[in-house]
Number of protein chains: 2
Amino acid sequence: MAPRPGLSRDLIVKTAADLLDEADGREVTLGQIAAALGVRTPSLYNHIDGQDDLLRGLAVFAVRELGARISRAAIGRTGEDAILAIGHAYRQFAHERPRLYQASLRAPDPDHQALIDASEEILDVLRLVLKPYQLSPEDQIHAIRGLRSLMHGFVSLELAGGFGLPVDIDESYRRLLTGFIRGLQREGGA
Amino acid sequence: MAPRPGLSRDLIVKTAADLLDEADGREVTLGQIAAALGVRTPSLYNHIDGQDDLLRGLAVFAVRELGARISRAAIGRTGEDAILAIGHAYRQFAHERPRLYQASLRAPDPDHQALIDASEEILDVLRLVLKPYQLSPEDQIHAIRGLRSLMHGFVSLELAGGFGLPVDIDESYRRLLTGFIRGLQREGGA
DNA sequence: TTGCCAAACTAATATCATTAGTTTATGATT
DNA sequence: AATCATAAACTAATGATATTAGTTTGGCAA
């Protein structure tokens with residue numbers, strides 16, 4: 001039922017993701033992906049529906065990887081400890097695979113179900129670590145938005161070269177996170 | 001000394017910026033810019049040095065516009081009031097011109113002097129509104145990085161469609177900012 | 001063994017950015 | 001006022017890329 005099982009959507013996306021952070025150019029081309037797979041460019045179209053579809057796939061791939069990492073980081077930790085660990089894992093992922101990290105937000109269609117599903121794992125983890133602060137359902141949503149904004153904004157500016165001055169960047173990030181956490185403690189009960 | 005004064009680097013950049021947020025495609029092409037200026041594509045090369053140079057120009061243009069807006073917003077205000085006004089202006093700019101806002105961080109060369117100069121105006125404003133909190137020079141840098149991260153992270157996720165739930169987004173942003181400000185008050189003296 | 005069908009291929013097209021080389025308008029010079 | 005030099009705009013050509021059309025082929029099912 002599956003002749004010539006060389007290619008598949010997942011393999012193409014994974015190959016593209018691998019190329020993403022080694023390629024020198026601004027974009028990974030379908031030609032590069034095909035070459036890495038030992039195949040001609042049009043063959044990719046049997047499995048993906050053009051560039052936009054590839055971008056969607058990459059976004060899902062990236063969000064899954066990010067989710068896996070922060071889940072792992074949170075294991076066995078609670079409260080401030082857990083949030084800092086997640087923040088660290090988040091930033092580390094962005095450092096290790098900057099282009100893949102950026103791809104996580106470059107999906108042409110953010111409402112695509114697969115992407116929403118993948119994001120759900122991240123949200124689950126965040127909800128879990130916020131539990132001790134006993135926020136109301138609405139406060140929890142505000143807090144999650146805030147935490148994601150912090151992490152994304154910081155690493156995003158950092159990757160864009162936005163922090164020029166010779167002052168410890170790790171320390172800036174640590175302060176940003178701890179400041180946010182203290183704000184939670186004030187707000188909730190913990 | 002300047003024959004046929006039709007085109008100029010500034011005009012090209014401005015035209016590109018205008019096209020940015022009306023174009024439907026993913027990118028603004030040199031052909032679209034040339035057409036909008038009533039000129040053939042290669043003519044642009046007399047004034048800009050290819051796409052990368054255009055991106056640099058767009059980044060500078062965007063940062064200047066952003067800087068002008070937040071400066072204006074801060075006039076006549078101090079402390080929490082000023083910071084909230086800046087945050088509002090920042091987010092409003094991103095809403096009004098989302099692609100131009102994104103271009104402010106897409107420069108191929110973040111160390112380019114013109115871009116650094118343009119960013120300096122933003123930093124000046126932020127330094128000014130943080131003055132009442134009497135932070136040490138180093139604390140001030142951490143605070144500026146934090147504030148920029150907050151604002152950029154939030155609007156960036158918002159633009160990417162990252163906030164799905166039907167909970168008031170304005171409120172999330174307001175809380176994020178006020179939480180940060182309260183952290184400053186704890187840290188500094190004010 | 002045969003036939004079907006998806007998967008991979010070749011060939012062709014359209015859109016871009018970019019470079020080379022030509023023409024021309026305009027300010028400067030005689 | 002006439003001419004010249006030069007930068008600005010042009011046409012033409014090239015190379016890279018995504019995408020589509022149409023052909024070939026390999027592997028599973030009957």
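Predicted model only: the values in this text are computed from it and were never measured. Just so it is clear: chains get the letters A, B, ... in the order the sequence lines come, proteins before strands, and each one is counted from 1.
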| request: Measure the distance from CD on A:Q51 to C1' on D:dT20 and round it to the nearest whole Å. | output: 15 Å
| remark: Quick note, A:P42 side chain, CB onward, closest among D:dA18, C:dA8, D:dT19 is D:dT19
| said: Rounding to an integer number of Å, can you tell me how far B:I33 CD1 sits from C:dT18 C1'? | reply: 14 Å
| said: Measure CD1/B:I48 against P/C:dT18 and give the value in whole Å, please. | reply: 8 Å
| query | Between A:Y45 (OH) and D:dT20 (P), how many Å, whole number? | reply | 6 Å
| request: Ignoring backbone atoms, establish whether A:S43 has a side-chain N or O less than 4.0 Å from OP1 or OP2 of C:dC9. | output: yes
| In terms of side-chain geometry, is the basic nitrogen of B:R145 or A:E158 positioned less than 4.0 Å from the acidic oxygen of its partner? | no
| D:dA7 phosphate, OP1 or OP2: any side-chain N/O from B:H47 under 4.0 angstrom? | no
| Contact check, side chains of A:Y173 and A:M151, non-hydrogen atoms, under 4.5 Å | yes
| query | Can you tell me how far P of D:dA18 sits from CG of A:L30, to the nearest Å? | reply | 4 Å
| query | Can you tell me how far P of C:dT19 sits from CG of B:L44, to the nearest Å? | reply | 13 Å
| Given the side-chain rings of B:F180 and A:F180, with only the six-membered ring counted for Trp, is the space between their centroids under 6.0 Å? | no
| remark: Between CZ of A:R26 and P of C:dA17 the distance, given in whole Å, is 11 Å
| Pair B:T178, B:E80: side-chain N/O donor-acceptor within cut-off below 3.5 Å | no
| message | Using only modelled atom types and a 3.5 angstrom limit, is any donor from either the side chain of B:N46 or the base of D:dA7 paired with an acceptor on the other? | response | no
| message | Measure CZ/A:R9 against P/C:dA7 and give the value in whole Å, please. | response | 14 Å
